[in-house]
Amino acid sequence: MEPTELSVTDDKLEYGLKEIRDLLKMLNLGNRQKQGQKTNTGFNRTVSAFGIVGFVKFLEGYYIILITKRRRVAEIGHHTIYKIEDTCMVYIPNDGDRNTNPDESRYLKMFQNIDLSSNFYFSYSYDLSHTLQYNLAPLKVSSHAHSCDTLDQTETALTWNLQMKTTQSATVEVAENFLASLQSSGNKHHQKIWQSKSTGPEDSYSSTGSESEVWSELRQTDEHQDSSTKDSEEGHHYGVRCKPHWKFVWNTELLEPFDIHSDWKLYIIHGFIGQSNISVYGKPLYLTLIARRSQKFAGTRFLKRGSNCEGHVANEVETEQIIHDSSVSSFTLGHFTAFVQMRGSVPSHWSQDISKMVPKPPISLDKCDPFSYTAGQHFNQLLRRYGAPIICLNLVKKRETRRHESILGDEFTFAIDYLNQFLPPQHHIKHIWLDMARVNKLKEVNVMDRLSKISYGVLRKTGIFQSWPRYYCQDLPYSKQHRLTGGFITESGSVLQTGVVRVNCIDCLDRTNTAQFALGKCAMAFQLYALGVSESPHLEFDTDSVRMLEELYEDHGDTLALQYGGSQLVHRIKSYRKIAPLSSHSRDIMQTVSRYYSNTFSDADKQNVINLFLQVYQPYKHHTPLWDLPTDYYLHNPTAAGKIVCHRNLYTRWWDEDVAGCLPLALDEVIKGHKNTLVEVYQAMFPDERIDGFFEHYRPYEMSVLNEIYSFIMAHSIRDFMPSFTNNCSPFSVRVQPGKRRESGGRTKPPNPSVSGISSTSSTSSSTEDTDTDESSDEDFILTDSNESNTSDSIPKHVTFSSVFTTMKESYGIHIMNPSVLSDSLYKRYVTIGERAILYKTEEERKDEYPKNANLRKTLWSQGHINLICHSALPLDSSYEVVPPTVARKYKDIYQDYVFRGQKGAKKPSPHSINVYKRYVTSKFK
């Protein structure tokens, strides 16, 4: 084999720690050179890692990219989400076989400019590329999927089914230290039932009915199991691994060169993840914000505008807001809510000429699209992933003295109007055009109020995801909050979000982030109401919970703005709320200058780096170097380059037929469990950490320091947001003077490289240099102590009970004390009267309550029992019964006549009354 080729072999075996040490010892002895030669050493340990990002090849051999440091950033149920903190690249071939190509080092340096320690995330057990609603969707073939399979492909007219509508930072873990702290554990046994041979992104759903093959194999395996094993108390559990959504996996092409077990592969997403703890009187509610940036048509601000030929838009980001009760971490028993929204550029072919040094380059439409083919492809993707309705919140300017942004607004409006004429009315694309910049300048109008009204309208259409049935009191027909949100109610009672709101402005940065915060605030109110912690789905500003959400969206916007625009947000949420301090104006000016400088001088290099990392450009397949290409248009438009055959639907039916058959539900969720959506199906015996979330989350065989657990050091509503001058611990109380963030409760939040501008481009090589200095024998590969240790300032302070929960005097102004002598005597008299009092009853009635012995009854009555006689106008009146008085017949007739008039109206007057009225009229008008 050539040294530049890559061959990875998986022996399909799982090794315990002792077996790993024995295998390494055997390999070390086998690689040692014979005696008499100059050297007599085996192989040296290069680096310890938490996972493999992938393999990359430039002009020579392959490099392997490893994760050497990680940090916990969020927990969803039993699953932990990590942020990459450091990586390293290791050249796989021997140095003796390495040729010195002059461009190899340049490509390597360019690739290392992608800072993998800046907002790249992964999880071992949770699929970050899919939404929570998809991950919790059941694995079964529903009637919708069958309707998709049996749909006649030759029909020209589509039949629609109308029945479907009904902050603090966690400790950074170093791979060397982590591996050294592991303890031996039992081997994991499982039986694999089925594994997909092709897991690439090119696989798509096809109506072949092959899902029956997968589940039939499962049934056949069950039939051949040993009866003693099947009848055991432990039982069998099926494990299913679904394919990720390749659109949001940034290391897709890096994982292509090798085909090994899926446990070795880590799917990396790029964007933002933040989490905070909303404490509702001790009840922990985790607020999680996940932003997934699309790797299709990815790039920088002015170099990637609009859409490519396949309908993928620039700066496309899916934002998911999750709130769940963390006191129950099980996905099956816990309560999870989620709301999904997205942002993306206007789906059309447009660009801006940056050759002229002007602040606002003119907008030009590069390609005429009279049938809105590109927009149709884009909305077809949205319908496939999210269902219907699709709501577009367009924030570009509408009234301009000189047409600039309004060009895109008119183009977007035309495209939506054209596409809607072929859709049924219940699935129309909703378009809301709000000139947010103009409304913000009006003194009599508050732009946040306008966005709030729009948000409530959106939630009434799409709804939120809720993993359990609604509470009875929330679903009463006469309740004010009855069915305020839309969505689809499943047979189990859970609620699914149907459709999505799509937000865009010219850059999809400042205005878009504020609008998404308004949508998130409205969704948060409905989520908290669904969880039963608030009495109505309404939240006021200046509450601790909203401030936590605002801070998350500020970090969310800053991170995405740095990734796409080169600077932080220029106009923040407080600017649109008109409460920003005067000092923020100078900051906005600096961010504007920074963004302009980045777009002018560094965006071209950043675009080349992104193209190289995503393997849109592969150096060994092209003769022209990347830096000499005049344009990357053909790299991001494979149809125009001739790499993909163009397949067009009919202009009057721009959607896919299987997508239309599942609306308002999303096709991706309906066909979950189809063979082409699965990677692996296996059967495991309990307990197995693959299916045991408790083992994965709590690590019962490891020593856990409470101060280092992420739950104790994440942002907390009481410790970090509640003002120090108040005793009200409710996160829903309006603070007249909001308190400042207090960092005394734990470690201060370290600067985010993406937000603070700290460069860490050397992270890809720093780990290799550090690990080379640590020398240890190969026998201690896992259980060796590391020389590195955490400093004292990195250990968070202890969390005490008094720092989290205040006393009753501080909370309610009342201190519990012993009663006074007077109060005690009054209470004793009251109790004595209650003990001795009996009802005024006849002797026959009292016989049932006292002993049957007559002498004993007389003795008890003579010992001071009190007869309380009720004095009332009625014959019998007590706390147990009331006898109504007798009512005369004439009074009953009066009441019946009153009721009859209220129901039927007045009766016809009697002849005597008519004669009296006639005499009155005659005398009056004679």
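All values derive from a computational prediction rather than experimental measurement. All values below were derived from every heavy atom in this structure, side-chain atoms included, with hydrogens, water molecules and symmetry-related copies excluded. Position 1 is the first residue of the sequence; numbering continues from there.
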Under the side-chain hydrogen bond (donor to acceptor under 3.5 Å, both in side chains) rule, what do H571 and N513 come out as? Steps first, then yes or no, please.
CA-CA 9 Å; H571 302 291; N513 193 72; over 6 Å; no
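- Taking the six-membered ring where the residue is Trp, the centroids of Y456 and H538 are separated by under 6.0 Å.
- One side chain, H556 or T319, offers a donor N or O that lies under 3.5 Å from an acceptor on the other.
- A cation-pi arrangement is absent between K304 and Y564 under the rule of less than 6.0 angstrom and at most 45 degrees off the ring axis.
- Figure legend: cation-pi geometry between R70 and Y82, with NZ or CZ positioned under 6.0 Å from the six-membered ring centre and within 45° of its axis.
- Between W250 and H270, the angle of the ring planes goes over 60°, which puts this pair in the perpendicular group of the 30/60° scheme.
- Here D435 does not pair with R399 in a salt bridge; the nearest charged N to carboxylate O distance is not below 4.0 Å.
- Ring-plane geometry between Y553 and F517 is classed as perpendicular, the angle between the planes exceeding 60 degrees on a 0 to 90 degree scale with a lower cut at 30.
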Evaluate side chain to side chain contact (heavy atoms under 4.5 Å, CB included) for F732 paired with V533, printing each intermediate quantity in order.
CA-CA 10 Å; F732 313 126; V533 297; 4.1 Å; yes
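- Inspection of the N135 and Y126 side chains reveals an N or O donor paired with an N or O acceptor under 3.5 Å.
- Between the side chains of Y286 and S711, at least one donor N or O lies within less than 3.5 Å of an accepting N or O.
- Note on E316 versus K247: salt bridge recorded, some NZ/NE/NH1/NH2 to OD/OE distance being below 4.0 Å.
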